[in-house]
Amino acid sequence: MTQRIDHLINGKTVAGRDYFETINPATQGVLAEVASGTEAEVNAAVQAAKDAFPAWAGLPATERAKKVRALGDLIAKHVPEIARTETEDTGQVIAQTGKQLIPRASDNFYYFAEMCTRVDGHTYPTPTHLNYTLFHPVGVCALISPWNVPFMTATWKVAPCLAFGNTAVLKMSELSPLTAARLGDLALEAGIPAGVLNVVHGFGKEAGEPLCAHPDVRAISFTGSTATGNRIVKAAGLKKFSMELGGKSPFVIFDDADLDRALDAAIFMIFSNNGERCTAGSRILVQQSIYADFAAKFAERAKRIVVGDPLDEKTTIGPMISQGHLAKVRSYIELGPKEGATMLCGGLDRPSYAAELPAHVQAGNYVWPTVFADVDNRMKIAQDEIFGPVACLIPFKDEADAIRIANDIAYGLSSYVWTENIGKAHRVAAAVEAGMCFVNSQNVRDLRQPFGGTKASGTGREGGTWSYEVFLEPKNVAVSL
Ligand code: NAD
């Protein structure tokens, strides 16, 4: 019988009035039937979170920290199981879920468990008054996640939210709900009281919208597309929010860069996570003097990438999350040549592609790593977030040209600069319009760094003390002396 996944409300499983199927994108098999939440379940979950809030917020931070750390321990204990579920539910390859994404999720709990015991304030003494700040938890928070790295994203929200004394209603993407359901169970096992973390499954319109609109929800931490983020912001009114949205990040390589390292990092930043990565270096800007050589080497490397069963340790690219998303990625692969780009590898029309796959995944949502050269930054393939393994190689003349092209985009999430010239590295890092810039590096997350974007990539930052912005409310106390 197909497994059923129910909501978790006030520490109890709550059956759905209706269920939807979550599909394994590699095999098209049904993994589970998942409860489809509506306003009624959202209301019950928010009420449970509201009721649980005073006791949870009132615990000494050291006591909350113990339980939050225990949740990290339970995740660490169950890495292989959670990683396998995540891989089956999303198509993200086991080499990444097992070794990076799920282990890092437990670090999120360890980090914020420590941090919640270190929250301090500021003092502003004057001759007449002593001002000081207090940081209070906000209350009930709506945590909404996308499908691409769902467990990592959920824990990145749940850990600071709970550690700082808030309670939560978590809504995962309808395309990848399974590991968050497990997170809810593990939270209870870790001793986190009923109602502190509630999980409501379902679709954006039926479950996400009423959650964001609920008057008792005080803050929204949302990760997802720019279109949905805009919709939520319009409905959020005076709630606090942080919006982690889409990206089309420039990966700029100057002719004085360490080319072997730049090549490795460029390949990783567009093809890891199946290219379904918000911080993907999807516009690869290469200085004209090295462009032809770089493009040839890049395409050679892309051709060798192993596409296959995501549960196989040797696989680098697994299936796209859904048939709908596959159709979107394929449409951009079709569009590239029509816009005038040169396809160096990949594409749709190699008949042997499906045959290269193991038999049990031949029905999967596969697309092959595709590299476009001669891309003009104004083409749609360069401007739109494709969110798949599709690289655009764009030539540039000099530093000013690189900065102009890098910034000629609606998004501003991440950016990457490769040069051995230290002055140039700092100048470009300062000039690029993005929330993050990595110099001579791929994206390496430090939990203290402000993570987030500017322009259409969002507003607000999370990570380290930056997470105070959404999950804590500062209050100034002024005492007359
Ligand atoms: P999406 O916006 O379609 O959905 C995200 C979540 O929002 C899902 O849980 C969905 O059910 C919910 N939702 C949809 N409509 C809603 C509404 N009206 N109100 C409330 N909730 C609603 O995004 P997606 O396709 O799941 O994810 C891919 C996108 O996420 C990409 O654009 C990617 O760049 C972005 N992303 C950003 C980051 C980041 O940190 N900036 C990280 C990962 C993914």
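We count ligands from 1, going down the list as the structure has it; atoms in each ligand are counted the same way. Along the sequence shown, the residues carry numbers beginning at 1.
- The atoms of ligand 1 that sit less than 4.0 Å from any heavy atom of Thr223 are 5 (C), 36 (N), 37 (C), 38 (C), 39 (C), 40 (O), 42 (C), 43 (C), 44 (C).
- At the top of the distance list for atom 44 (C) of ligand 1, counting protein heavy atoms only, stands Asn148 OD1, 3.3 Å.
- When the heavy-atom distances from atom 6 (C) of ligand 1 to Ala207, Ser145, Ala236 are ranked, the shortest goes to Ser145.
- The aromatic rings of Phe451 and Trp156 sit perpendicular to each other, their planes meeting at more than 60°, with 30° as the lower class boundary.
- A search for side chain to side chain donor-acceptor pair (under 3.5 Å) contacts involving Ser414 returns Tyr416, not counting sequence neighbours.
- For the side chain to side chain donor-acceptor pair (under 3.5 Å) test, residues two or more places apart in sequence or in another chain that qualify with Arg301 are Asp264.
- Not a single heavy atom of Thr153 lies less than 4.0 angstrom from ligand 1.
- Of all atoms in ligand 1, numbered sequentially from 1 with element shown, those under 4.0 Å from a heavy atom of Leu413 are 41 (N).
- Near Gly204, the atoms of ligand 1 lying under 4.0 angstrom from a non-hydrogen atom of the residue are 11 (O), 13 (N), 14 (C), 15 (N), 16 (C), 17 (C), 19 (N), 22 (C).
- Heavy-atom contacts of Met172 reach the following atoms of ligand 1: 9 (O) (cutoff under 4.0 Å).
- Counting only N and O atoms by type, the side chains of Thr22 and Asp89 include a donor and acceptor under 3.5 Å apart.
- Remark: among candidates Gly224, Cys278, Pro146, Ser176, the nearest residue to atom 35 (C) of ligand 1 is Gly224, based on non-hydrogen atoms.
- The protein heavy-atom contact nearest to atom 28 (C) of ligand 1 is Phe387 CE2, 3.8 Å.
- No donor-acceptor contact under 3.5 angstrom links the side chains of Glu86 and Thr97, judged on distance only.
- Looking only at protein heavy atoms, the nearest one to atom 4 (O) of ligand 1 is Thr228 OG1, 4.5 Å.
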